[in-house]
Amino acid sequence: MIVLGIEPSCDETAAAVVTDGTSVLSSIVSSQVDVHHKYGGVVPELASRMHIEAVSHVVHQAIDRAGISKEQIDGVAATRGPGLIGALLVGFSFAKAFAWARRLPMAGVNHLEGHIYSVLLGDEQPRFPFVALLVSGGHTNLYHVRSRNDFELLGQTRDDAAGEAFDKVSKMLGLGYPGGAVIEELARQGDPASIDFPRSFLGKESLDFSFSGLKSAVARHIHEHGIPGEKAMADIAAGFQAAVFDVLAQKVVAAAKSRHCRSVAVAGGVAANSALAEKIGRDTHRSGIRLYLPPRELCGDNAAMIAARGDQLIRDNCLVRLDHDVFSRNRSNS
Ligand code: KG4
Ligand code: ZN
């Protein structure tokens with residue numbers, strides 16, 4: 001089955017063609033980051049307008065790059081939520097028109113389930129059940145993934161998402177938006193032990209997260225020590241990153257142990273950070289647990305993961321009707 005995926009939930013217009021939910025024939029991501037960068041974050045109205053301008057071109061590029069014709073497409077999948085409502089509407093409406101004009105089945109995909117499916121597009125996939133950590137700009141969620149359609153939420157952030165904390169610290173250091181990759185790069189030159197930033201574990205049993213205290217500690221440090229020079233900035237980045245990753249690794253291992261899972265997966269934009277992969281890889285290995293990651297280019301928002309999740313929904317006959325709408329906050333897909 002050849003599925004066309006469309007994902008425009010935030011500041012990237014993405015389209016992809018995936019066969020049988022496993023093989024990525026093409027994955028195009030058109031980023032708006034240059035536009036939003038000067039505002040220090042995503043401006044929703046601008047994002048919607050740019051999706052409208054880009055969506056048709058990006059979809060056709062994905063089809064061309066896959067080396068197929070439109071007639072070969074068997075189904076369409078588009079992100080239904082959560083995300084920016086105006087942005088979602090652009091892709092969802094485009095997908096509806098594309099599917100209905102060709103009488104194709106269409107799936108409305110939960111963006112978070114899409115991120116989990118990105119792990120199934122790697123060279124090696126975890127076996128069910130596994131624990132999945134989704135770390136992105138909007139979410140820090142821990143799941144017990146029991147099967148292809150069963151995602152039990154074990155924990156989530158009570159304030160900032162991990163990626164959001166990276167973006168905010170980057171802003172404090174005058175490094176702009178988005179901050180993840182910049183902080184990772186800067187942290188390479190810093191000493192993670194030179195500043196002992198707080199780790200919030202929220203009690204022994206909790207699988208929830210909190211990063212607002214850490215964010216405030218970084219702000220306080222900058223306030224007390226003044227605008228940092230290059231070396232001090234690198235130490236702040238390294239210390240902050242180590243604090244985030246210590247908490248993420250500890251909770252992933254605890255979740256896997258509590259659910260007797262031998263496999264864990266990490267997905268979402270922050271999963272592209274190699275220091276995170278190293279930290280979780282080390283800690284899981286020590287406990288006899290194996291870590292799985294999506295291909296690096298599928299960590300951030302992309303449409304291949306949406307097509308992969310959509311493939312399963314279409315097989316299960318879980319289809320979108322014309323009167324179905326998008327949603328901005330998370331809820332179950334069905
Ligand atoms: O999954 P994603 O592309 O979009 C959402 O669904 O939110 O994640 C974007 C987030 C941003 O906050 C960005 O700063 C973060 O992922 N990110 C990173 C890295 N690359 C992207 N965080 C840490 N290290 C990175 N290398
Ligand atoms: Zn995402």
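Just follow the structure's listing: the first ligand is 1, and inside any ligand the first atom is 1. Any value given below was found using the heavy atoms of this structure, including those in side chains, with hydrogens, waters and symmetry copies removed.
- The backbone N or O of Q156 sits less than 3.5 Å from a side-chain atom of D208, completing a donor-acceptor pair.
- Nearest protein heavy-atom neighbour of atom 24 (N) of ligand 1: N273 ND2, 3.0 Å.
- The closest approach between any non-hydrogen atom of H139 and ligand 1 is not below 4.0 Å.
- With ligand atoms numbered from 1 in the order given, ligand 1 contributes 1 (O), 6 (O) to contacts under 4.0 Å with heavy atoms of H115.
- For ligand 1, the atoms sitting less than 4.0 Å from at least one non-hydrogen atom of G138 are 7 (O), numbered in the order shown with element in parentheses.
- The aromatic ring centroids of F94 and F92 lie 6.0 Å or more from each other.
- For atom 10 (C) of ligand 1, the nearest non-hydrogen atom from the set G179, A275, G137 belongs to G137.
- Atom CZ of R315 is surrounded by more than 12 heavy atoms from other residues, nucleotides or ligands within 6.0 Å.
- Between G163 and ligand 1, at least one N/O pair is under 3.5 Å apart.
- For D191 and K231, the salt-bridge test fails: no basic side-chain N is under 4.0 Å from an acidic carboxylate O.
- Between the side chain of K96 and the backbone N or O of M106, no donor-acceptor pair lies under 3.5 Å.
- Note: an N/O pair closer than 3.5 Å links G180 and ligand 1 by distance alone.
- In terms of protein heavy-atom proximity, atom 26 (N) of ligand 1 is closest to E184 OE1, 2.8 Å.
- The number of heavy-atom neighbours closer than 6.0 Å to CG of D123, taken from other residues, nucleotides and ligands shown, is 12 or below.
- A donor-acceptor pair is defined here as one N or O able to donate and one able to accept, closer than 3.5 Å; no such pair exists between the side chain of R262 and the backbone of H260.
- In this structure, Q241 has no heavy atom closer than 4.0 Å to ligand 1.
- A distance below 6.0 Å separates the ring centres of F166 and F240.
- Among protein heavy atoms, atom 6 (O) of ligand 1 sits closest to D301 OD1, 3.1 Å.
- The stretch residues 95-119 participates, sequence neighbours left out, in these ring-ring contact (aromatic ring centres under 6.0 Å, His included) pairs: H111-H115.
- Protein nitrogen, oxygen and sulfur atoms, that is N, O or S, within less than 2.8 Å of the Zn ion (ligand 2) amount to 3.
- Neither side chain, S212 nor D160, offers a donor N or O lying under 3.5 Å from an acceptor on the other.
- Residue-to-ligand polar distances keep P178 apart from ligand 1: every N/O pair is separated by 3.5 Å or more.
- Ranking protein heavy atoms by distance to atom 20 (N) of ligand 1, first place goes to G269 O, 3.4 Å.
- An N or O contact shorter than 3.5 Å links D167 to ligand 1 by distance.
- Between the side chain of K171 and the backbone N or O of G41, no donor-acceptor pair lies under 3.5 Å.
- For R49, the CZ atom is loosely surrounded, since the number of other residues' heavy atoms within 6.0 Å does not exceed 12.
- The main-chain N or O of C10 is found under 3.5 Å from a side-chain atom of H51 such that the two form a donor-acceptor pair.
- For the pair C10 and ligand 1, no heavy-atom separation below 4.0 Å is found.
- Ligand-side atoms of ligand 1 in range of H111: 6 (O), range being under 4.0 angstrom from any heavy atom.
- In this structure, E184 contributes its side chain and S274 its backbone to a donor-acceptor pair below 3.5 Å.
- The distance criterion of under 3.5 Å between nitrogen or oxygen atoms is not met by G300 with respect to ligand 1.
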